[in-house]
Amino acid sequence: MGRSGPRMSRMSSGVMLAYVAVAGVLVGCGEASPAVVHSDAPEVNEAAATITPADMARRIGVLAHDSMRGRATPSPELDAASRWIGEEFAALGLEAPFGASYEQRYAIRTVTADTETTWLTAGGADTLQSPDDLGLPFGPASDDRVREGGVIFVGTKAEVAADALAGKHVLVVGDAPSAFRTQDAFTLLGRLRTSQAVAVWLVSRTGQSVEAWRRANDLQTMQARTVVGDQPNEVPVLSVRLAGLQRVLGQGVLEAGLAVGEVASIELPDVRFATRTGLSVISSDEAPNVAGVLAGSDPELADEYVVYSAHMDHVGVGRPDASGDSIFNGADDDASGTAAVLEIAEAFIAMPTP
């Protein structure tokens, strides 16, 4: 058996069936007559007794076997794991939720920023380009749509109402680039990225030369990232060099925006930005989710589900260790979790009333 080492999977697990390499069981409420089951009922104990060390060991052994080669995302071995889990679901008697299939496929792309098609304009003659005036401090965005909207300046500790951000380019102002590495700034950025803003911009009141700007931004802007599934609603985070922003807005308008306090916000009337975050696709692939459904017995809750999930992927094959072993088997990351999902399904199915 190869290594099950400390490396974490590139994808996290969750209750969502889409966008993660998930093995899941959806326990629904069904259509039969309702039943009340107490935790001390004999049938619960009998169902729980189906969960055994031998079953766990067998299932972990299949998923973490060297032949699965660490179940990287994507890989033929992850596809094999998905098929095996689907076969286990079928053998247990779970329903297939994706038509006649237990498997759902989702797209995976590896992308970097395309600086030639990354730009910002405020409708004037001057258009700012990456990498001289624009940067992507958290790497490339997930898509390359043109984003248009009004402009609002906010301080790094601002509490701004959601409706004031909707459809806006939000310019977060700090005294220096280091201002965006504080806990307050990260809290604000996290809130903005889940808002209805069009884009988030980091603006430092401390100007930088083109050379200094590029040294600070090139590495982050050009790093590769993995885009999983269809993510059209992601709010991109960009940075803009102060001298470039002055050319786009004009000195007077810029000074009004930069005057915003740490906890305040200033909306610019009659100013609209349009930006595009260009992408270069390095590779395109797809990977599976797998799920089964067990219908429940309460007709009033027939459209509600409880989702038990674990991620079935791991990190694949790496550099050999001292013994020559190069496989990261992922026994506990997360073959054990996936096996537990299967054991839970088997226990629920053993109940006389779903």
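We count residues from 1, following the sequence as given.
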Under 4.5 Å between any side-chain heavy atoms of [X] and [Y], yes or no?
X	Y	result
Trp119	Leu128	no
Leu134	Thr221	no
Phe273	Val198	no
Arg205	Val173	yes
Leu120	Thr127	no
Ile282	Arg109	no
Leu254	Leu242	yes
Ile108	Thr226	yes

Side-chain heavy atoms under 4.5 angstrom apart, residues restricted to Ile, Leu, Val, Met, Phe, Trp, Tyr: same cluster for [X] and [Y]?
X	Y	result
Val253	Val203	yes
Leu94	Val62	yes
Val235	Val170	yes
Ile349	Leu342	yes
Phe180	Val260	no

Quick check: does any side chain N or O of [X] sit under 3.5 Å from a backbone N or O of [Y], one acting as donor and the other as acceptor?
X	Y	answer
Trp213	Pro131	yes
Ser101	Phe98	no
Ser265	Phe153	no
Thr50	Ala47	yes
Ser82	Glu103	no

In this structure, which one of Leu78, Asp333, Ile327 forms a side chain to side chain contact (heavy atoms under 4.5 Å, CB included) with Arg71?
-> Leu78

Restricting to non-hydrogen atoms, name the atom on [X] and the atom on [Y] that form the minimum distance, rounded to 0.1 Å.
X	Y	answer
Val290	Met312	CG1-SD, 3.7 Å
Ala113	Leu136	CB-CD1, 3.6 Å
Gly330	Ala64	C-CB, 4.5 Å
Val341	Ser309	CG2-C, 3.8 Å
Ala295	Glu95	CB-OE2, 3.8 Å
Pro137	Leu202	CG-CD1, 3.9 Å

Give a yes or no on whether [X] atom [atom1] has more than 12 heavy-atom contacts from other residues, nucleotides or ligands under 6.0 Å away.
X	atom1	result
Gln196	CD	no
Arg59	CZ	yes
Glu116	CD	no

Would you call the rings of Phe328 and His314 parallel, tilted or perpendicular if under 30° counts as parallel and over 60° as perpendicular?
-> tilted

His169 vs Trp201 aromatic rings, parallel, tilted or perpendicular, using cut-offs 30° and 60°?
->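 The arrangement is tilted - the two ring planes meet at 30° to 60°.
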
Check the pair Tyr308 / Phe348 against side-chain contact (heavy atoms from CB on, under 4.5 Å), numbers first and verdict last.
-> CA-CA 12 Å; Tyr308 292 85; Phe348 275 126; 3.7 Å; yes

Any chance you could measure Arg276, atom CZ, to Leu279, atom CG, to the nearest 0.5 Å?
-> 8.5 Å

State the CG-CE distance between Leu294 and Met351, to the nearest 0.5 angstrom.
->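 If I round to the nearest 0.5 Å, the distance is 10.5 Å.
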
Check this for me: does any side-chain nitrogen of one of [X] and [Y] sit under 4.0 Å from a carboxylate oxygen of the other?
X	Y	value
Arg247	Asp133	yes
Arg272	Glu267	no
Glu211	Arg241	no

Could you check Arg145, Arg147, Arg225 and say which one makes a salt bridge (charged side-chain N to carboxylate O under 4.0 Å, His left out) with Glu234?
-> Arg225

Regarding Ser336 and Asp332, is there a side-chain donor-to-acceptor distance under 3.5 Å anywhere?
->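 Yes, Asp332 and Ser336 have a side-chain donor paired with an acceptor closer than 3.5 Å.
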
Going by atom types only, do Ser280 and Asp114 share a side-chain donor-acceptor pair under 3.5 Å?
-> no

Show your working on side-chain contact (heavy atoms from CB on, under 4.5 Å) between His65 and Asn329 and close with a plain yes or no.
-> CA-CA 7 Å; His65 193 270; Asn329 301 82; over 6 Å; no

Derivation of the side-chain contact (heavy atoms from CB on, under 4.5 Å) call for Glu304 and Leu301 = CA-CA 5 Å; Glu304 296 186 10; Leu301 301 177; 3.9 Å; yes

Verdict with supporting geometry, Arg105 and Asp79, salt bridge (charged side-chain N to carboxylate O under 4.0 Å, His left out) = CA-CA 10 Å; Arg105 307 292 294 188; Asp79 290 342; 3.0 Å; yes

Can you list the steps and then say if Asp325 with Ser323 is a side chain to side chain donor-acceptor pair (under 3.5 Å)?
-> CA-CA 6 Å; Asp325 187 359; Ser323 69; 5.1 Å; no

Dump the intermediate steps for side-chain contact (heavy atoms from CB on, under 4.5 Å) on Val248 and Thr121, then the final yes or no.
-> CA-CA 7 Å; Val248 169; Thr121 181; 6.0 Å; no

Under the side chain to side chain donor-acceptor pair (under 3.5 Å) criterion, do Ser283 and Thr110 qualify, and how do the steps go?
-> CA-CA 5 Å; Ser283 64; Thr110 303; 3.3 Å; yes

Starting from the C-alpha separation in whole Å, work towards a yes-or-no answer on side chain to side chain donor-acceptor pair (under 3.5 Å) for Ser239 and Asn217.
-> CA-CA 9 Å; Ser239 54; Asn217 284 277; 3.1 Å; yes

